[in-house]
A.B. asks: 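Once you've had a glance at the structure underneath, I'll fire off some questions.
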Amino acid sequence: MYNVKSLKAEEFISDKEIQETLAYADENHQNMEFIDKILEKARLRKGLDHREASVLLACQDEEKIKEIYTLANQIKEDFYGSRIVMFAPLYLSNYCVNGCVYCPYHMKNKHIARKKLTQEEIVKEVTALQDMGHKRLAIEAGEDPVNNPIEYILESIKTIYSIQHKNGAIRRVNVNIAATTVENYRKLHDAGIGTYILFQETYHKESYEKLHPTGPKHDYAYHTEAMDRAMEGGIDDVGLGVLFGLEMYRYEFAGLLMHAEHLEAVHGVGPHTISVPRVKHADDIDPSAFDNGISDDIFAKICALIRISVPYTGMIISTRESQQVREKVLPLGVSQISGASRTSVGGYAEPEIPDEVTSAQFDVSDQRTLDEVVNWLMKLGYIPSFCTACYREGRTGDRFMALCKNMQILNCCHPNALITLKEYLVDYASEETKKIGMELIERELEKIPNPKVKQRAAETIGEIERGHRDFRF
């Protein structure tokens, strides 16, 4: 049944193919000569298929794992450099008609606080986010055709883009809402969204149906085929992800890579991002109830293998993970992280009181301010980036991928990261963060190999100091 080019979920995510892949990995996980060949292929920076990557995931040899980690770090530097893109989630509404057993938004949960932001409240939330320094948001909402229709989402996007407060502006709105129709994806495209994000949760169909016993999300095929409909609707940047802990991680890993291969085979464009969330504690949800949780070491290995298997994709680690875990996986291929996140509906303008009935989707492990996260990243040697230039210059989909796969995107990304970091430092940073950042920018300017690009970047950074904003390469 397996057919990577099929538009039927059970054919491009074939259970039989995944089971055979896991057996193949078990047969070869101690074959060091074969593993060396896979690693040699990975060093070509062209990626690995799901079977090859699954062999490496099954391999327990410490020396080979070190090689994987080293290679993941090198590939991330080759494609994305040392920059880390910053974003924040904005939850619009937690009204939901689904019965997902791992999510506190499920319809039967009667003691969670149900909230929906008005457009006036969205203005307050976005203003608060702008005052932190954020330029990129990921909007989230439960699935509820009455409370959260597509018209509400579109109106909210329009509101977000319209808000100009001091030097603040949200320049890219990514959207994480339930699977929908081609027509609705066209509407989202026309509204100017960045990436459409939808987590599969689990690729194991039987588990999927048990975990989603009621509501429209119960339909495995409709959910799994959503990215094809999104691309048909004109959205060329899509983001994949599974919720690790719901099903056996090796199964999910193979399914995730098969989905990426499917998008590449059918549309010529793989996923713009891959997220790797893990089940976390939340109201009405105990993560220990799910017996497929993964250790921090396995989590790190998965991150490294995604990077070498899908070298062109952006990899996202959210504030679900602690500072310690994020620090562990940053060198293994992560290119985007959230900062100062709230998973409640609202919560930026007026944070929820800890003792009150919460509206949060899950507990946040990393609760530092954006300034603290930016400071921490720079001390680790990374460049926090608030760049949205590719999206706004039309470098999306196959245009972005062509530049990225040829490792040319850095020619844009490096100066854009420095320019947007300079904006952040001037407008929002604490004195300590500003000092560290200014020194970092001076060092990084010297690393730009093209003299004309270096000169233009330096001149632009000077213009920011003089009060001008929103430059991009």
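Small disclaimer: the values here were computed from a predicted structure and weren't measured.
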A.B. asks: Is the shortest heavy-atom distance from the side chain of Leu71 to the side chain of Arg45 under 4.5 Å?
C.D. replies: yes
A.B. asks: Tell me the closest heavy-atom pair linking Cys387 and Asn416, and the distance in Å.
C.D. replies: SG-CB, 3.4 Å
A.B. asks: Ignoring hydrogens, what is the shortest heavy-atom contact between Phe386 and Val374? Give both atom names and the distance.
C.D. replies: CZ-CG2, 4.0 Å
A.B. asks: Excluding sequence neighbours, so at least two apart, what forms side-chain hydrogen bond (donor to acceptor under 3.5 Å, both in side chains) with Asn73?
C.D. replies: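 side-chain hydrogen bond (donor to acceptor under 3.5 Å, both in side chains) list for Asn73, sorted by chain: empty.
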A.B. asks: Using the ring of each side chain (for Trp, its six-membered ring), is Tyr208 parallel, tilted or perpendicular to His223, with breaks at 30° and 60°?
C.D. replies: tilted
A.B. asks: CG of Leu117 to CD of Glu125: how many Å apart, nearest 0.5 Å?
C.D. replies: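 Separation between the atoms: 6.0 Å.
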A.B. asks: What heavy-atom pair brings Met231 and Val269 nearest, and what distance separates the two atoms?
C.D. replies: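 Looking at all heavy atoms of both residues, the closest pair is CE-O, 3.7 Å.
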A.B. asks: List for me each residue that meets salt bridge (Lys or Arg N to Asp or Glu O under 4.0 Å) alongside Asp36, sequence neighbours excluded, and say none if there are none.
C.D. replies: Lys64
A.B. asks: Under a 3.5 Å cutoff, is there a donor and acceptor pairing between the side chains of Thr195 and Arg172?
C.D. replies: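 Indeed, the side chains of Thr195 and Arg172 share at least one donor-acceptor pair under 3.5 Å.
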A.B. asks: Do side-chain atoms of Gln323 reach the backbone of Asp366 as a donor and acceptor pair under 3.5 angstrom?
C.D. replies: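 No.
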A.B. asks: Assess whether ring pair (Phe, Tyr, Trp, His ring centres under 6.0 Å) is satisfied between Tyr102 and His212, documenting all intermediate values.
C.D. replies: CA-CA 9 Å; Tyr102 53 84; His212 307 94; 5.3 Å; yes
A.B. asks: Salt bridge check: are Asp296 and Lys328 linked by an N-O gap of less than 4.0 Å?
C.D. replies: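 Looking at Lys328 together with Asp296, the answer is no, because their closest N to O distance does not fall below 4.0 Å.
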A.B. asks: How close do Val238 and Met227 get, heavy atom to heavy atom, and via which atoms?
C.D. replies: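 Distance-wise, the nearest heavy atoms are CB-SD, 3.5 Å.
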A.B. asks: If you look only at pairs with a residue in residues 30-60, which of them pass as a ring pair (Phe, Tyr, Trp, His ring centres under 6.0 Å), with sequence neighbours excluded?
C.D. replies: Tyr2-His50
A.B. asks: Given Ile177, which of Ile150, Leu198, Ile139 fulfils the side chain to side chain contact (heavy atoms under 4.5 Å, CB included) condition?
C.D. replies: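 Only match with Ile177 under side chain to side chain contact (heavy atoms under 4.5 Å, CB included): Ile150.
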A.B. asks: Would a distance-only check, ignoring hydrogens and angles, find a side-chain to backbone donor-acceptor pair under 3.5 Å from Glu350 to Tyr348?
C.D. replies: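 Absent.
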A.B. asks: Kindly indicate, with the supporting measurements, whether the criterion side chain to side chain donor-acceptor pair (under 3.5 Å) is fulfilled by Glu11 and Asn3.
C.D. replies: CA-CA 5 Å; Glu11 294 181 3; Asn3 179 359; 4.8 Å; no
A.B. asks: Any donor-acceptor pair under 3.5 Å linking the side chain of Arg278 with the backbone of Ile294?
C.D. replies: yes
A.B. asks: Starting at CG of Leu305, measure out to CG of Leu256 and round the result to the nearest 0.5 Å.
C.D. replies: 11.5 Å
A.B. asks: Please identify each residue that fulfils side-chain hydrogen bond (donor to acceptor under 3.5 Å, both in side chains) with Lys5, with sequence neighbours left out.
C.D. replies: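 If we apply the side-chain hydrogen bond (donor to acceptor under 3.5 Å, both in side chains) test to Lys5, skipping adjacent residues, there are no hits.
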A.B. asks: May I ask you to check whether Tyr196 and Tyr185 place their ring centers less than 6.0 Å from one another?
C.D. replies: yes
A.B. asks: I'd like to know whether Leu92 forms a side-chain contact (heavy atoms from CB on, under 4.5 Å) with Asn148, so could you lay out the CA-CA distance, the side-chain angles of the two residues, the decisive distance to 0.1 Å, and finally the verdict.
C.D. replies: CA-CA 9 Å; Leu92 301 178; Asn148 314 328; over 6 Å; no
A.B. asks: Please, which pairs that meet salt bridge (Lys or Arg N to Asp or Glu O under 4.0 Å) have at least one residue in residues 213-232, sequence neighbours excluded?
C.D. replies: Glu201-Lys217
A.B. asks: Within a reach of under 6.0 Å around CD of Glu209, are more than 12 heavy atoms found that belong to other residues, nucleotides or ligands?
C.D. replies: yes
A.B. asks: Spell out, as yes or no, whether a donor-acceptor pair under 3.5 Å connects the side chain of Ser14 to the backbone of Met1.
C.D. replies: no
A.B. asks: Can you pull out every side chain to side chain donor-acceptor pair (under 3.5 Å) where at least one residue sits in residues 330-341? Sequence neighbours excluded, please.
C.D. replies: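 Qualifying pairs: Thr319-Ser341, Ser338-Ser341.
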A.B. asks: Supply the atom-to-atom distance Ile302 CD1 to Tyr249 OH, rounded to the nearest 0.5 angstrom.
C.D. replies: 7.0 Å
A.B. asks: Just jot down the side-chain hydrogen bond (donor to acceptor under 3.5 Å, both in side chains) partners of Glu372, sequence neighbours excluded, or say none.
C.D. replies: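 Expected list: Thr369.
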A.B. asks: Determine which pairs satisfy side chain to side chain donor-acceptor pair (under 3.5 Å) with at least one residue from residues 299-311, sequence neighbours left out, and list them in order.
C.D. replies: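 Listed by first then second residue: nothing to list.
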A.B. asks: Tell me, please, which residues at least two apart from Glu10 pass side-chain hydrogen bond (donor to acceptor under 3.5 Å, both in side chains).
C.D. replies: Lys205
A.B. asks: Which pairs pass salt bridge (Lys or Arg N to Asp or Glu O under 4.0 Å) with one or both residues in residues 12-21, sequence neighbours excluded?
C.D. replies: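 Applying salt bridge (Lys or Arg N to Asp or Glu O under 4.0 Å) to every pair that reaches into residues 12-21, excluding sequence neighbours, yields Lys16-Glu20, Glu17-Arg51, Glu20-Arg51.
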A.B. asks: NE2 of His189 to CG of Asp237: how many Å apart, nearest 0.5 Å?
C.D. replies: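 Here the rounded value is 10.0 Å.
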A.B. asks: Using distance alone, with no hydrogens and no angle criterion, decide if Asn147 and Ser93 have a side-chain donor and acceptor under 3.5 Å apart.
C.D. replies: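 No pair is found: no donor N or O on one side chain lies under 3.5 Å from an acceptor on the other.
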A.B. asks: Does a sphere of radius 6.0 Å around CE in Met132 hold more than 12 heavy atoms from other residues, nucleotides or ligands, not counting ones at 6.0 Å or beyond?
C.D. replies: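 Above 12, so yes.
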A.B. asks: Decide yes or no for Leu56 and Leu48: does some side-chain heavy atom of the first lie under 4.5 Å from some side-chain heavy atom of the second?
C.D. replies: yes
A.B. asks: Do other residues, nucleotides or ligands put more than 12 heavy atoms under 6.0 Å from Glu327 CD?
C.D. replies: yes
A.B. asks: How far apart are the closest heavy atoms of Val55 and Asn28, and which atoms are they?
C.D. replies: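 In terms of heavy atoms, the two residues are closest at CG1-O, 3.8 Å.
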A.B. asks: Kindly say whether Ser156 contributes a backbone atom to a donor-acceptor pair with the side chain of Tyr161 at under 3.5 angstrom?
C.D. replies: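 Flag not set: sc Tyr161 to bb Ser156 has no pair under 3.5 Å.
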A.B. asks: Please identify each residue that fulfils salt bridge (Lys or Arg N to Asp or Glu O under 4.0 Å) with Glu52, with sequence neighbours left out.
C.D. replies: Lys41
A.B. asks: Report the distance from atom OH of Tyr382 to atom CG of Leu421, rounding to the nearest 0.5 Å.
C.D. replies: 15.5 Å
A.B. asks: Does anything in residues 5-32 form a ring pair (Phe, Tyr, Trp, His ring centres under 6.0 Å)? List the pairs, not counting sequence neighbours.
C.D. replies: Phe12-His259, Phe12-His262
